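Just so it is clear, the model here is predicted, and its values are computed rather than measured.
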Number of protein chains: 2
Amino acid sequence: MTDITPIHHTDTDVSDMLRRAGLRPTRQRVSLAEILFSKGDRHVSAELLHEEAVAVDVPVSLATVYNTLHQFTEAGLLREVAIEGTKTYFDTNVSDHHHFFIEGENEVFDIPGEGVGIGSVPKAPEGMEIVRVDVVVRLRPKR
Amino acid sequence: MTDITPIHHTDTDVSDMLRRAGLRPTRQRVSLAEILFSKGDRHVSAELLHEEAVAVDVPVSLATVYNTLHQFTEAGLLREVAIEGTKTYFDTNVSDHHHFFIEGENEVFDIPGEGVGIGSVPKAPEGMEIVRVDVVVRLRPKR
DNA sequence: ATTTGTGCAAATCGTTTGCATCTGA
DNA sequence: TCAGATGCAAACGATTTGCACAAAT
């Protein structure tokens with residue numbers, strides 16, 4: 001009875017991840033975390049994540065999705081992607097990297113490998129320190 | 001009577017600029033352009049520009065400010081700055097350059113001179129072409 | 001039992017739009 | 001004259017918030 005539950009193996013992983021992050025592993029947090037982190041790098045908007053959750057029969061409310069995304073971000077599990085446009089995107093890839101952004105489509109994805117190198121980073125103005133350097137390469141369908 | 005009006009000298013300049021850009025120099029467009037372009041490089045939000053206009057007794061409506069900012073942008077007189085956050089900023093500096101962004105304060109300003117160099121620009125994915133590369137250096141007040 | 005999270009609906013914020021009324025060439 | 005511009009208010013989409021209820025430790 002204790003060993004024939006491979007189905008919950010992921011739940012446990014995720015629960016531990018959440019606990020380690022200082023978040024109580026509630027039903028909806030675990031479900032959202034599974035959706036977010038089980039398919040490799042993703043860039044989701046709150047609305048998209050909400051739709052996916054509902055589609056998988058995890059009827060979270062949109063407000064909870066927003067709360068959860070922000071909590072995950074604070075906990076360092078997600079990174080908010082700073083692209084213009086009305087919507088906010090959350091990136092499951094928390095490491096240092098940059099993004100491509102397709103204008104019109106409002107689609108975001110990582111620039112693979114060492115595609116970008118920042119030649120020289122400017123010195124921060126007096127009394128300021130650099131938090132992060134974001135590079136966004138804007139694309140448009142050719143022709 | 002015709003020669004003692006140095007006050008309108010700027011109006012004329014701006015009117016010409018607008019005409020050249022294919023925009024009718026209406027009262028509000030001229031006023032907004034003066035506010036925008038007479039003080040060197042600026043980064044304004046629609047709301048800020050609206051407040052400034054009202055403060056100088058040019059009671060434009062906020063809707064007109066938005067329309068005007070977009071028209072100026074299309075005409076190449078302004079550049080929309082793509083920083084996250086709810087607000088959209090318009091930059092009177094249309095040349096190629098990058099930005100500092102102070103978190104919390106929501107303040108944007110140009111990175112002076114050749115502060116940033118992009119070492120290597122990644123190749124665009126199949127069928128895509130690069131429109132522009134935006135670099136945002138995020139700052140935070142030290143300590 | 002206590003603390004923390006969740007859902008819902010209403011509220012907010014920035015921005016856009018429809019439409020009747022003005023205005024510049 | 002009359003195409004184009006403006007103002008107002010209502011519409012909108014994304015996100016946040018207040019509060020009663022539910023769930024986790």
According to a strict under-4.0 Å criterion, is [X] in side-chain N/O contact with OP1 or OP2 of [N]?
X: Arg24(A); N: dA23(D); result: no
X: Thr26(B); N: dT6(D); result: yes
X: Gln71(A); N: dT4(C); result: no
X: Arg27(B); N: dA5(D); result: no
X: His70(B); N: dT15(C); result: no
X: Thr88(A); N: dT15(D); result: yes
X: Gln28(A); N: dA23(D); result: no
X: Tyr66(A); N: dT15(D); result: yes
X: Thr64(B); N: dT6(D); result: no

Candidate nucleotides [options], ranked by approach to the side chain of [X] - the nearest:
X: Ser61(B); options: dT6(C), dG14(C), dG7(D); result: dG7(D)
X: Glu47(B); options: dG14(C), dT17(D), dT6(D); result: dG14(C)
X: Asn67(A); options: dG14(C), dT17(C), dT17(D); result: dT17(D)

Send over the distance from [X] [atom1] to [N] [atom2], rounded to a whole Å.
X: Asn106(B); N: dG14(C); atom1: CG; atom2: P; result: 10 Å
X: Leu69(B); N: dA5(D); atom1: CG; atom2: P; result: 15 Å
X: Glu51(B); N: dC13(C); atom1: CD; atom2: C1'; result: 14 Å
X: His50(A); N: dC8(C); atom1: NE2; atom2: C1'; result: 11 Å
X: Leu49(A); N: dT15(D); atom1: CG; atom2: P; result: 12 Å
X: Leu62(A); N: dG13(D); atom1: CG; atom2: P; result: 14 Å
X: Leu18(A); N: dG5(C); atom1: CG; atom2: P; result: 11 Å
X: Leu23(B); N: dA3(D); atom1: CG; atom2: C1'; result: 15 Å

Sorted by position of nearest nucleotide on DNA chain D, 5' first, the leading residue of Ala63(B) and Arg29(B) is Arg29(B)

Want to settle it: does Ser45(B) or Pro25(B) sit nearer the 5' end of DNA chain C, counting the closest nucleotide to each? Ser45(B)

In terms of heavy-atom contacts, Val81(B) and Val108(B) come closest through CG1-CG1, 4.3 Å

Over all heavy atoms of both residues, which pair between Asp110(B) and Phe100(B) is shortest? Give the atoms and the distance, please.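 Closest pair (atom of Asp110(B), atom of Phe100(B), distance): O-CD1, 4.0 Å.
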
May I ask you to decide if the ring planes of His43(A) and His99(A) are parallel, tilted or perpendicular, using 30° and 60° as cut-offs? perpendicular

Keeping the roles fixed (side chain from Arg138(B), backbone from Asp134(A)), state whether a donor-acceptor pair exists under 3.5 Å.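 Such a contact is absent between Arg138(B) side chain and Asp134(A) backbone.
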
Do the ring centers of His50(B) and Tyr66(B) come within less than 6.0 Å of each other? no

Single-linkage hydrophobic cluster Val94(A)~Ile111(A), side-chain heavy atoms < 4.5 angstrom: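 Per the 4.5 Å side-chain linkage, Val94(A) and Ile111(A) are not co-clustered.
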
